[in-house]
*Asks:* 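Shown below is the structure under consideration.
Counting convention: from 1, in listed order, for ligands and their atoms alike.
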Amino acid sequence: MDLHITVYKYKTHFLMDLNDEDGIWDSVLLEPLTEETFISNLSCRYDSNTNYTYMGNMLIAVNPYKEAHQVSTPLCRIYMSPRSGHLPPHLYAIASWAFRWLVDAAQDQYVVLQGISGSGKSHSISMLLHCLCGTNNHNNLLNQRLLNANIILNSFGNAKTHIHSNASRFIKHVDLELNFKGDIVGATITGCKVTSQSALNRNFHIFYQLIYGADIHLLKSLKLTRNSENYVYLKCSNRIRQIDVVNFQSEYQSIKYGFEILGLSESEITSIFKIISSILKLGNLNLVPTNNIDGTEGCIITNDYELYELGELLGTDGEALKKVLTSSVLSSGISAKEARYIKDLLAQSLYTRLFSWLITRLNQSVKAEAKYKRRNLGFLDAFGFDYSDSQMDWDNFVLNSCNDKIHNLVITATLKDEQQEYAIERVQWCLIPFYDNTSVCELIFKTYGGLLSIMDDLILDSNSITVFKRICALQRQYSSSSSEDQISSAVEQISLNESFMLNHFIGPVKYNINTFVDKNKNSLSPLLCSTMYNGTHPLLKSLFPEGNPERMSSFTVSNPASQLRVWAEAFSATLSGRRCHYVTCISPNRHCQVNSFDSSFVQQQVRWFSLVEIVRLRRSGFCYRLTFEEFLARYKMLSPATWPRPRYGNTARSIRALVVCLPIPSGEFVYGVSKVFVRSPRSVWELEQLRAERLNQLAGLVQEAWHRHKRENSAKRAFNKRQHFRITDTLSAAKCITRTVLTWQKRQYLMKLSRSLSEATESPICRAWVPLSNARFAHTHYLLETLHHKWRCHKYRDKFDQTSINRMREKVTASIIFKNRKASYSQSVAHPFIGDYVRLRQHIQWKKTALQCDDHHVVFADIVNKITRSSGKFVPTLLVISTKSMLILDHRTLQVKYRVPAEDIYRLSLSPFLDNVAVFHIKSAYVRCAEEEDDLGGEWSPSPSGCLFHQGPVVGPSDSLMQVLVTKL
Ligand SMILES: Nc1ncnc2c1ncn2[C@@H]1O[C@H](COP(=O)(O)OP(=O)(O)OP(=O)(O)O)[C@@H](O)[C@H]1O
């Protein structure tokens, strides 16, 4: 619901008349433009809760000191959308412009914020970061890390001052790294902590957050108590003493969460807190003056327990610490004042080095991967100008010098360079005067002979008198070398030994020289460094590398003066290569109060920052310029005179032809010698809109052409494919059909065959076979028939018992002997071979006979016809063949007629015809006897010589009988 209300409000703002009661969005449109109208417009907008106002393409942000217009992601999205249009002035619009320029023009960007302390710079940077990270979905963890790094740095680098409760005490530079699509892929954070805390201010937030936020166990392990009043470094003036415990507790939780999000390990976090705690312990060391043996002043530490706790926290020997803090290498003991100085210097070094280490560590967590090609979008959050009336020290000098530098760069870019450029380009122009602080900046930052370089030169061997003399010389030099009043008044007044006055852009400020010397002598003694280096605390080795005996000579720590000079040079170099966007933060009153617009205080700031002059320049000047070549390259697609190629060879003529085609008044464009100037931001916005629309249109054309090309290509490919497949397809289709038909026929044939096979066909003697149904399978049919026959024989044989097996063997033997050799063979196949056809074995007479001649194993016995040789008649007789002999018996009486031992029968012959004649070939002795016997009708007996006696055939009762006889024999 809230979101809708906000959006609606912004939409109605857009439609409003510029002169409505909320004031005018853009001061450039003020009529008349004077300092009064400018401030009253700011006041009007402040009263209506709209604290942002444009000055052309710059922004003024008046600090409301109340939770109005806080971070709102939906609002960020509206401003960050490519078609955000001309929305009411807002910080998010600055983020959006910077982002768009970065993505569209692939140019590095920078947002510079200036303003006095408490005007809202840090808050604005947080809002800008939230806007860019909140609308960027590329890497949520990185976004979280960036936001948390900002919180952590603010906690370590901000403190409560007499001006406001969250004053930055360091210069923070956040450089977001974005890929070509505009995704944030990493960041570089630089922090330059060039100030220490003075007694007037409260110490850095982290001390209070740790003491009031950490749980009791952690506090105990850090040897701390939950009362900031117990620590000398945390005591401060009553004006800013107030402690908000609940706030500190929640802030401590945010810090811890931030550390975890940034990937710091538990041991790293504890190490950080141990150093914080040891700084507090150092502050508590009570150094009391004593007399040395040689009569000089020495000192002792009266609260040794603090020293030993400090030793435990840093992992160093308490006694060794005591020695380095209270004595020097040359003398036996140093004075209490000197010892206090060393102690404070060590505490300050510990904190500064911890801060640098932390920034390095945070950078590791938000570092971009090397594979990305990047563009940068940077912000600078520096401490604001300290405008107190009291005499100021080195730290205030640092703050004010930084602000002078930033202001100088802004003024140079927005007023000085711009007007110079109009002159160079011979654009008709009326010079606008403004206060230029270049002289004071030169005096401070000049590489050779500047104030900071003097401090650098005198660092080792100087006192306030020497510094003072050098500053006097500097003043003389500036007064004589320049005729300009401003330069001669850069160093306005120097009062002997004590202080000097410097004319900053906000007015003259008096500084105490003594602090300049002390604060710049920041070198710790080698012994102190090596004691720190040798401590077992995990971070000390990296914090005090100069304590390493191997590196001692090569390592130097730069002093604050040189750090400041280096920063100024680096900052100028960074800005020179980037497109800058400027935000001026204004504090509405001196006391950070809500709903209080102090016009005189605002007027001061308007004058300090030359805002009216800037608006004047923006109003009569130009907000945008490009060289002819750049302009043509960027906008040539907007006119047929320049697209796709300029019609004219002359660039300036082409641009004029282009501008004529645009729906923007030609008066908005002014032509210089080599550049085109655009008067109002609205025209620039319209120009960019037209370009975006045209690019969309062109992208559509390219897409359409590409799709057409793709379609044509694919159609061509499809046609070629069809042509190719027309031939191969017919072949493969025919093959496929043939294959399918064949498969179907095979299946049909086999199914028919299986249906035709009946039980009858399973008999091994069945010769019937299924008629061939398809001539294609004739060979298969024949093979299957053979296979089937073998199968059924096998099946038949499987059913045999032993008797059947024996019988089969006989049949097989018979088949070997008789098949195709005896005409009657086939008739005998079906008849089983019995052997004893007359049941002779059971006959009693035979049993007796067999006993006598050992012929009881009868193989064959049947009545056969013996053919007598003499008459040729058939004489029935009983033929018995035993395992031992062949016997001829009377078939009625069973009288043995003759017996031939088996060994005397040497052959048996059968006729191959259909008759049943068998001839036994016997040795000759038997033949003769038998003949005689035949003739006599008497008994045969074997001749003693054992010769064959019988050559006449025996005719069996059947042919089969003959085969049985032969087979069994
Ligand atoms: N837009 C804002 N809305 C509400 N409060 C604000 C806004 N901007 C700043 N403030 C408040 O004003 C106070 C000072 O703001 P901030 O710390 O940003 O000032 P600064 O210019 O960074 O000061 P310094 O230069 O001393 O660091 C803070 O308490 C902050 O909460």
*Asks:* Go through ligand 1 atom by atom and flag the ones less than 4.0 Å from a non-hydrogen atom of Ser168.
*Replies:*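 Reading through ligand 1 atom by atom, the close ones are 24 (P), 26 (O), 27 (O).
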*Asks:* Where the closest heavy atom to atom 19 (O) of ligand 1 is concerned, which of Gly157, Ala61, Gly120, Ser587 has it?
*Replies:*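 Nearest heavy atom to atom 19 (O) of ligand 1 lies in Gly120.
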*Asks:* Any idea which of Ile586, Val62, Asn63 brings a heavy atom closest to atom 6 (C) of ligand 1?
*Replies:*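 Minimum heavy-atom distance to atom 6 (C) of ligand 1 goes to Asn63.
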*Asks:* Under 4.5 Å between any side-chain heavy atoms of Tyr212 and Asn227, yes or no?
*Replies:*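 A side-chain contact exists here, since the closest heavy-atom pair is under 4.5 Å.
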*Asks:* Just to verify, what does Ser124 make a side-chain contact (heavy atoms from CB on, under 4.5 Å) with, not counting sequence neighbours?
*Replies:*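 Testing Ser124 for side-chain contact (heavy atoms from CB on, under 4.5 Å), a comparison that skips the adjacent residues, returns Leu91, Leu113, Cys585.
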*Asks:* Per the side-chain hydrogen bond (donor to acceptor under 3.5 Å, both in side chains) rule, which among Asn503, Thr412, Asp404 passes with Asn437?
*Replies:*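 Only one option passes, and that is Asp404.
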*Asks:* Met55 and side-chain contact (heavy atoms from CB on, under 4.5 Å): which single residue from Leu617, Leu611, Val612 fits?
*Replies:*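 Exactly one option meets the side-chain contact (heavy atoms from CB on, under 4.5 Å) with Met55, and it is Leu611.
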*Asks:* Going by atom types alone, do Thr53 and Ser27 pair a side-chain donor with an acceptor below 3.5 Å?
*Replies:*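 No, no side-chain donor-acceptor pair sits under 3.5 Å.
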*Asks:* Would you please name every residue forming a side-chain contact (heavy atoms from CB on, under 4.5 Å) with Glu260, sequence neighbours left out?
*Replies:*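 Expected list: Lys256.
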*Asks:* If you measure every N/O of Asn166 against every N/O of ligand 1, is any gap under 3.5 Å?
*Replies:*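 For ligand 1, there is an N or O atom that lies under 3.5 Å from one belonging to Asn166.
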*Asks:* Counting only nitrogen or oxygen atoms and a 3.5 angstrom limit, does Lys121 reach ligand 1?
*Replies:*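 Yes, Lys121 has an N/O under 3.5 Å of an N/O on ligand 1.
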*Asks:* Output yes when the distance from some N or O of ligand 1 to some N or O of Gly118 is under 3.5 Å, and no in every other case.
*Replies:*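 Yes; the residue has a nitrogen or oxygen that sits under 3.5 Å from a nitrogen or oxygen of the ligand.
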*Asks:* Taking the non-hydrogen atoms of Ile116, is any one of them nearer than 4.0 angstrom to ligand 1?
*Replies:*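 True for this residue.
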*Asks:* Below 4.0 Å, non-hydrogen atoms only: which portion of Pro64 touches ligand 1? Side chain, backbone, both or neither.
*Replies:*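 Just the side chain.
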*Asks:* Answer yes or no: does an N/O atom from Ser122 fall short of 3.5 Å to an N/O atom of ligand 1?
*Replies:*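 Indeed, backbone or side chain, Ser122 has an N or O that close.
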*Asks:* What closest approach, in Å, do Arg169 and Asn158 show between heavy atoms, and which atom pair accounts for it?
*Replies:*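 For Arg169 and Asn158, the tightest heavy-atom pair comes out as N-OD1, 4.1 Å.
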